[in-house]
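Report on one structure; see the data block that follows.
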Amino acid sequence: MSRSWTRSTSALVGAATALAVLTACGGGDSKTSDAGKGTADKPVTITFWAWQKGTKDVVDAFNASQKNIRVKFEEIPSGNAGGYAKISNAVKAGNAPDLVTVEYPMLPEFVSQGSFQDISTYVTDDVKKQFLPQSIQQTTLGGKNWAIPFDAAPQAYYYRKDFFDKNHIQVPKTWAEFKAAAQKAKAADPKARIGTFFPDDPTTFEAMAWQAGAQWFKADGNTWKLNTADAATNKVADYWQGLIDDKLVQNAVSFSPEWTASLKDGSTVGYLGASWSAGVLKGTVPDQSGKWAVAPVPTWDGKAASGMLGGSTWAVPKGSDKTEAALAFAQWMSTTEAGIDARIKSGTSSAFPADIALRPAAKKAFDTSFYSGQDIYQLFDAAGGSINANWGWGPSMGTTNTTLKDQLGKVAGGSVKITDAIAAAHDATVTELKKRGLKVEG
């Protein structure tokens, strides 16, 4: 375990403890009448909703591995593309599945609405020891456990090595070098861009702010303190505003046909993503095998630093009476070599396990030929150790991100600046928190 992960623990303990104010406002209790894990003669069937790459392969492998639990899988849209709304609506209607995926940023939102079960009884000290301290802290709210961590998602930079080599462009180590590289790429090929501004994906911008040292949300006693206009956030906002104004980056909806086309025709030759992006990119442009490489994300001072872009957990919705079986499957996915192997050998996932012991298995399972055999998991491990510890998510990220997404969509047209979009998200968040009866400062 790296020293950086250990340092992150103390910073996150305070935030997790302060989140008692959040969980006091909601959060379903674990079911006392549990259907258990079933038997071979009488298996229990659970329903599972998720969108991560390779999930069907994992479900198939689990179902083939034993006879006590049957998993019925339904693929849903990614969270911000409709998956979270589907989960929320199902919980309200009383027909939610037994297990769902939720990213770390959205977990406090669901917990505050009383949508998930408290699974503390099942998350024993032995279970906790298997995971990164940070992932356990991010799934522990108000002293209770609400989800089983799956992966961490440190940032990484993917680039077309052939294009960079041909045009003598150095891989940027700092954001200043990134801008210079973007200018050089555009000069070499007027269509070429080394990165993309995703107006529909606020989490990408939030990861940049996180990396720079911003701390938007802080729980202090029974008060939420918001600070989205700090120096770090403004620095990141002004930097990206400049890249957009100078047309040095693409502006496209994430993973859209437009963005995919730009990868295929060579007009996008770089991608600021996360550890999971390696599998996505490989699956999107398989014919470009051998042309791409991975580097640490650029930083402001050249020293290693990262935010976290996404990262998933497994949670049991309120209303399920199959908690034990659902969590048996969740732990199998997150803590067994067979679970990791099934997902990554599908060829579409490059998940970076939150279970530290499983990283060698993930590395072994992922075919790196697309990246010319590069040891990308060693890079992810170093990036994971550099994640800034001073970031916490708020209890209404749905409102925050919906507003931010709506406003960021207007940035390319020039009617809104990134700083305006952040201010609008701040105001909407304050309004929502007060509506919920929470105390807010900032």
Side-chain angles (χ1 to χ4, degrees), residues 1-12 104 130-138 149-159 161 164 170-178 181 194-195 203-204 206-214 232 236 270-282 292-312 334 340 344 349-391:
M1 185 187 305
S2 73
R3 290 190 298 273
S4 296
W5 284 118
T6 304
R7 287 197 301 269
S8 73
T9 305
S10 60
L12 287 161
Y104 296 104
Q130 295 178 268
F131 297 100
L132 295 170
Q134 186 173 22
S135 66
I136 290 295
Q137 293 297 341
Q138 290 204 20
F150 169 55
D151 65 336
Q155 293 172 283
Y157 180 55
Y158 299 80
Y159 65 99
K161 190 176 185 300
F164 276 62
Q170 290 191 340
V171 179
K173 295 181 180 180
T174 68
W175 288 115
E177 291 176 0
F178 184 87
I194 68 167
T203 59
T204 296
E206 288 161 350
M208 302 293 182
W210 181 343
Q211 183 211 40
V236 175
Y271 166 34
L272 290 158
S275 48
W276 50 264
S277 305
V280 173
L281 188 62
K282 175 182 174 182
W292 287 86
V294 193
V297 68
T299 64
W300 290 100
D301 59 5
K303 298 178 182 178
S306 178
M308 192 155 72
L309 178 52
S312 300
S334 290
I340 292 297
I344 294 180
S349 174
S350 55
F352 183 60
D355 184 333
I356 303 167
L358 290 179
R359 292 189 183 164
K363 175 180 175 179
K364 181 180 178 181
F366 187 78
D367 179 3
T368 59
S369 58
F370 183 86
Y371 299 100
S372 301
Q374 181 181 356
D375 189 349
I376 63 174
Y377 273 86
Q378 182 180 37
L379 186 150
F380 297 158
D381 196 45
S386 72
I387 291 177
N388 189 312
N390 296 319
W391 179 274

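For reference, positions follow the sequence shown, starting with 1.
- Scored by the side chain to side chain contact (heavy atoms under 4.5 Å, CB included) test, Ala361 finds Glu337 as partners (sequence neighbours excluded).
- Residues Phe131 and Pro149 come closest through the heavy atom pair CE2-O, 3.4 Å.
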Apply side chain to side chain contact (heavy atoms under 4.5 Å, CB included) to the pair Phe150 and Ile340, showing each step before the final yes or no. CA-CA 10 Å; Phe150 169 55; Ile340 292 297; 3.9 Å; yes
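- In terms of heavy atoms, Ala274 sits closest to Tyr158 at O-OH, 2.6 Å.
- Under the side chain to side chain contact (heavy atoms under 4.5 Å, CB included) criterion, Ser369 pairs with Asp367, sequence neighbours left out.
- Residues Tyr157 and Leu272 approach most closely at CD1-CD2, 3.4 Å, considering heavy atoms.
- Ser349 meets the side-chain hydrogen bond (donor to acceptor under 3.5 Å, both in side chains) test with no other residue; sequence neighbours excluded.
- Residues satisfying the ring pair (Phe, Tyr, Trp, His ring centres under 6.0 Å) criterion with Tyr371, sequence neighbours excluded, are absent altogether.
- The side-chain hydrogen bond (donor to acceptor under 3.5 Å, both in side chains) check on Ser306 picks up nothing, with sequence neighbours excluded.
- Partners of Tyr104 under the ring pair (Phe, Tyr, Trp, His ring centres under 6.0 Å) rule, at least two apart in sequence or in another chain, do not exist in this structure.
- The two residues Ala153 and Gly310 have their closest heavy-atom pair at CB-C, 3.9 Å.
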Evaluate Tyr377 against Thr368 for side chain to side chain contact (heavy atoms under 4.5 Å, CB included), listing each step before the verdict. CA-CA 10 Å; Tyr377 273 86; Thr368 59; 5.7 Å; no
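- By the side-chain hydrogen bond (donor to acceptor under 3.5 Å, both in side chains) test, Lys173 is found to be paired with no residue, residues two or more places apart in sequence or in another chain being considered.
- Expressed to the nearest 0.5 Å, how far CD of Gln211 lies from OG of Ser386 amounts to 8.0 Å.
- For Ala207, the side chain to side chain contact (heavy atoms under 4.5 Å, CB included) partners two or more places apart in sequence, or in a different chain, are Gln155, Leu309.
- Here the closest non-hydrogen pair linking Ser350 and Ser275 is OG-O, 2.7 Å.
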Let me see the working for Asp381 and Gln378 under side chain to side chain contact (heavy atoms under 4.5 Å, CB included), right down to the final yes or no. CA-CA 5 Å; Asp381 196 45; Gln378 182 180 37; 5.6 Å; no
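- Judged as a ring pair (Phe, Tyr, Trp, His ring centres under 6.0 Å), and not counting sequence neighbours, Phe366 has no contacts.
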Side chain to side chain contact (heavy atoms under 4.5 Å, CB included) between Phe380 and Lys363, intermediate numbers included: CA-CA 10 Å; Phe380 297 158; Lys363 175 180 175 179; over 6 Å; no
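- Residues satisfying the side-chain hydrogen bond (donor to acceptor under 3.5 Å, both in side chains) criterion with Ser277, sequence neighbours excluded, are Tyr271.
- The distance from the CG atom of Asp151 to the CZ atom of Arg359 is 10.5 Å, given to the nearest 0.5 Å.
- In this structure a side-chain-to-backbone donor-acceptor pair under 3.5 Å is missing from Gln130 to Asp355.
- In this structure, Lys282 NZ and Trp292 CH2 are separated by 15.0 Å, a value rounded to the nearest 0.5 Å.
- When every heavy atom of Val236 is checked against every heavy atom of Ala212, the shortest pair comes out as CG2-CB, 3.6 Å.
- Judged by distance alone, the side chain of Thr174 and the main-chain N or O of Gly302 form no donor-acceptor pair under 3.5 Å.
- For Trp276, the ring pair (Phe, Tyr, Trp, His ring centres under 6.0 Å) test picks out no residue, with sequence neighbours left out.
- Ring geometry for Trp175 versus Trp300: interplanar angle of 30 to 60°, hence tilted.
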